[in-house]
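Nothing fancy with the numbering, it's 1 onward along the sequence. All values reported here derive from a predicted model rather than from experimental measurement. No hydrogens, no waters, no symmetry mates; every other heavy atom, side chains included, goes into these values.
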Amino acid sequence: MKVKQLLMTVLMTVIMSAMPLVSQAKVTTIEDVAGRQVEVDLPAKRVVLGFYAEDYLAIGGEKSFQHVVGISRDTWKAWRPASWALYTKHNPALTKIPDVGEVEAQTFSIEKVLSLRPDVLLLADWQYKGLGADVKRIEDAGVPVVVVDYNAQTLNKHLKSTRIIGKITGQQSRAEKIAGEYKQAIDLIHERLKARHLKKPEAYVEFGNKGPGEYSFTYGKNMWGAMLTIAGGNNIAAPYVEWWGPMNPEQVLSSAPEVIFLAGTESGKAEGAMLMGQGISRKTAVNRLKGFTSRPGWSGLPAVKQKRVYGIYQGASRSILDASMIQYLAKALYPSVFSDLNPEQFYLDFYRHYLPVVPEGTFAVRITE
């Protein structure tokens, strides 16, 4: 009898000690930005991350990456090599995270994702759409897929995506703080412009990765196009480009933009490509801007005549960090209305508050500097 009682006591002790561990696992229903209801064990312990690495780090904190078991590495290392180098120097363990491939390059491996046994696969909306029917294969294998979207550049999707990442990482309070600060920055722009009823300047933005010799992407409804709209500009590309794509040079000239923005990265390889970002000097950025003004017909554009030509950092778009770039667009469009703002400082301060590294370089610049 005593032996039986002893066994029962041991068994009950084991059961009771396990109960707190069970209670920590909480199945939560998330509504993602695609409007899908997805059940996920939260906070997630094993995450495969498709895109938005800096956003994930900022919202979840540096420790959140200890739970990232797979990453689409090219969306960071290949697209923003200077950023990747900065972060991997700070934390070499990032280089050890398995690569699951890249959707646009058609190297994304479902088998690799499944082999990592993630609690959740977090995808950008464009990745979710690009995978198509393969998403169902992943879900049928028992891996929840959650969609977030900073590319759309809408206030609602930025805030919702931030809160979703907050839930996945167990950092809801931090996420709410970041979302609140973002909303406050955008609201400030809306409120000032609404109070003044000013004429919207004609504005043109182009990703300057191909240099002056060839017109590259401009944007309609999303990314820089949407940001221009938020900032109060009249986007001359909107009637011609729905999402992104080149605009006919004659259309640019006939639209007579009053303000021009050229976006660049650190790694433009084409001759004269716009260079912006980490490690890029202001002198280099200004010289590249001047190269674009030598395009045929550009000397007669109002923006060029008035020297209202600006360089902006492509890496600071499609991110919760982009409030600073929207502020910069607004300040360039309406200098007297937003003279008190320091958008580039605002951008770097976000790093100081929420990220483990702070880049050095040129992230916003005017041709007159």
Side-chain angles (χ1 to χ4, degrees), residues 189 192-193 196-220 223-241 244-264 268 270-276 280-314 317 325-344 362-369:
I189 294 169
R192 289 192 186 181
L193 293 179
R196 286 167 174 81
H197 306 288
L198 300 170
K199 177 186 174 294
K200 293 183 177 182
E202 303 293 314
Y204 173 67
V205 61
E206 180 184 331
F207 183 24
N209 63 320
K210 294 183 179 180
E214 182 180 353
Y215 280 64
S216 188
F217 288 170
T218 186
Y219 303 88
M223 287 186 62
W224 291 112
M227 293 165 75
L228 263 183
T229 300
I230 294 170
N234 186 33
N235 180 14
I236 66 168
Y240 309 105
V241 178
W244 62 84
M247 193 171 163
N248 187 300
E250 292 302 318
Q251 290 171 336
V252 175
L253 295 177
S254 64
S255 298
E258 300 165 79
V259 189
I260 291 174
F261 301 95
L262 291 157
E271 184 178 354
M274 190 62 210
L275 293 177
M276 294 289 294
I280 305 301
S281 71
R282 303 191 86 75
K283 182 179 179 180
T284 296
V286 168
N287 285 339
R288 293 301 173 101
L289 280 176
K290 290 178 179 177
F292 280 85
T293 64
S294 66
R295 279 175 166 174
W298 274 43
S299 62
L301 293 177
V304 177
K305 286 181 177 180
Q306 298 163 19
K307 297 187 178 356
R308 297 181 73 185
V309 181
Y310 301 84
I312 48 180
Y313 181 42
Q314 183 79 357
S317 63
M325 289 296 110
I326 296 174
Q327 284 189 348
Y328 191 75
L329 298 180
K331 185 171 182 176
L333 294 167
Y334 305 96
S336 62
V337 178
F338 299 103
S339 60
D340 59 315
L341 299 186
N342 188 341
E344 197 170 19
T362 305
F363 305 95
V365 69
R366 186 175 180 176
I367 199 168
T368 53
E369 291 186 34

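The two residues S317 and M223 have their closest heavy-atom pair at OG-CE, 3.7 Å. Listed here is the closest heavy atom pair of P212 and G272: CD-O, 3.5 Å. Nearest heavy-atom pair across S255 and Y240 is OG-CE1, 4.4 Å. G211 and A270 get closest at one heavy-atom pair: N-CB, 4.4 Å. The two residues I260 and A303 make their nearest non-hydrogen contact at CG1-CB, 3.6 Å. The two residues S299 and V304 make their nearest non-hydrogen contact at CA-CG1, 4.2 Å.
Between F217 and F207, the gap from one ring centroid to the other reaches at least 6.0 Å.
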Query raised in the report: Taking it one step at a time, do I189 and F338 satisfy side chain to side chain contact (heavy atoms under 4.5 Å, CB included)?
Result: CA-CA 8 Å; I189 294 169; F338 299 103; 4.1 Å; yes

**Report entry** Audit row: Y313, I280, side chain to side chain contact (heavy atoms under 4.5 Å, CB included) steps and yes/no
**Finding:** CA-CA 11 Å; Y313 181 42; I280 305 301; over 6 Å; no

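The closest side-chain heavy-atom distance from F363 to P343 is not below 4.5 Å. Contact annotation: the side chain of W298 approaches that of L253 to within less than 4.5 Å [non-hydrogen atoms, C-beta and beyond]. At least one side-chain heavy atom of Y204 sits less than 4.5 Å from a side-chain heavy atom of M247. Looking at heavy atoms from C-beta onward, V259 lies in side-chain contact with Y310 at the 4.5 angstrom threshold.
Identified under the salt bridge (charged side-chain N to carboxylate O under 4.0 Å, His left out) test for residues 199-211, with sequence neighbours left out: K199-E258, E206-R295, K210-E214.
Not one N or O on the side chain of R308 forms a donor-acceptor pair closer than 3.5 Å with the backbone of I367. R192 places a side-chain N or O within donor-acceptor distance of the main-chain N or O of V337, the cut-off being under 3.5 Å. Here the side chain of N209 pairs no donor or acceptor atom with the backbone of S216 at under 3.5 angstrom. Looking only at distances, a side-chain donor or acceptor of T218 sits under 3.5 Å from a matching main-chain atom of V205.
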Using a 3.5 Å cut-off and no angle test, enumerate the donor-acceptor pairs between side-chain atoms of residues 325-332 and protein atoms at least two apart in sequence or in another chain.
residue, atom, partner, partner atom, Å
Y328, OH, V365, N, 3.3
Y328, OH, V365, O, 3.3
K331, NZ, L341, O, 2.5

With a cut-off of 3.5 Å and sequence neighbours excluded, list every side-chain donor-acceptor pair involving residues 283-294.
residue, atom, partner, partner atom, Å
T284, OG1, S281, OG, 2.9
N287, ND2, K283, O, 3.3
R288, NH1, A273, O, 2.5
T293, OG1, K290, O, 2.6
S294, OG, G291, O, 2.6

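Separation of atoms CG (N248) and OH (Y215) is listed at 9.0 Å; rounding is to 0.5 Å.
Within 6.0 Å of the CD atom in E369, the count of heavy atoms belonging to other residues, nucleotides or ligands exceeds 12.
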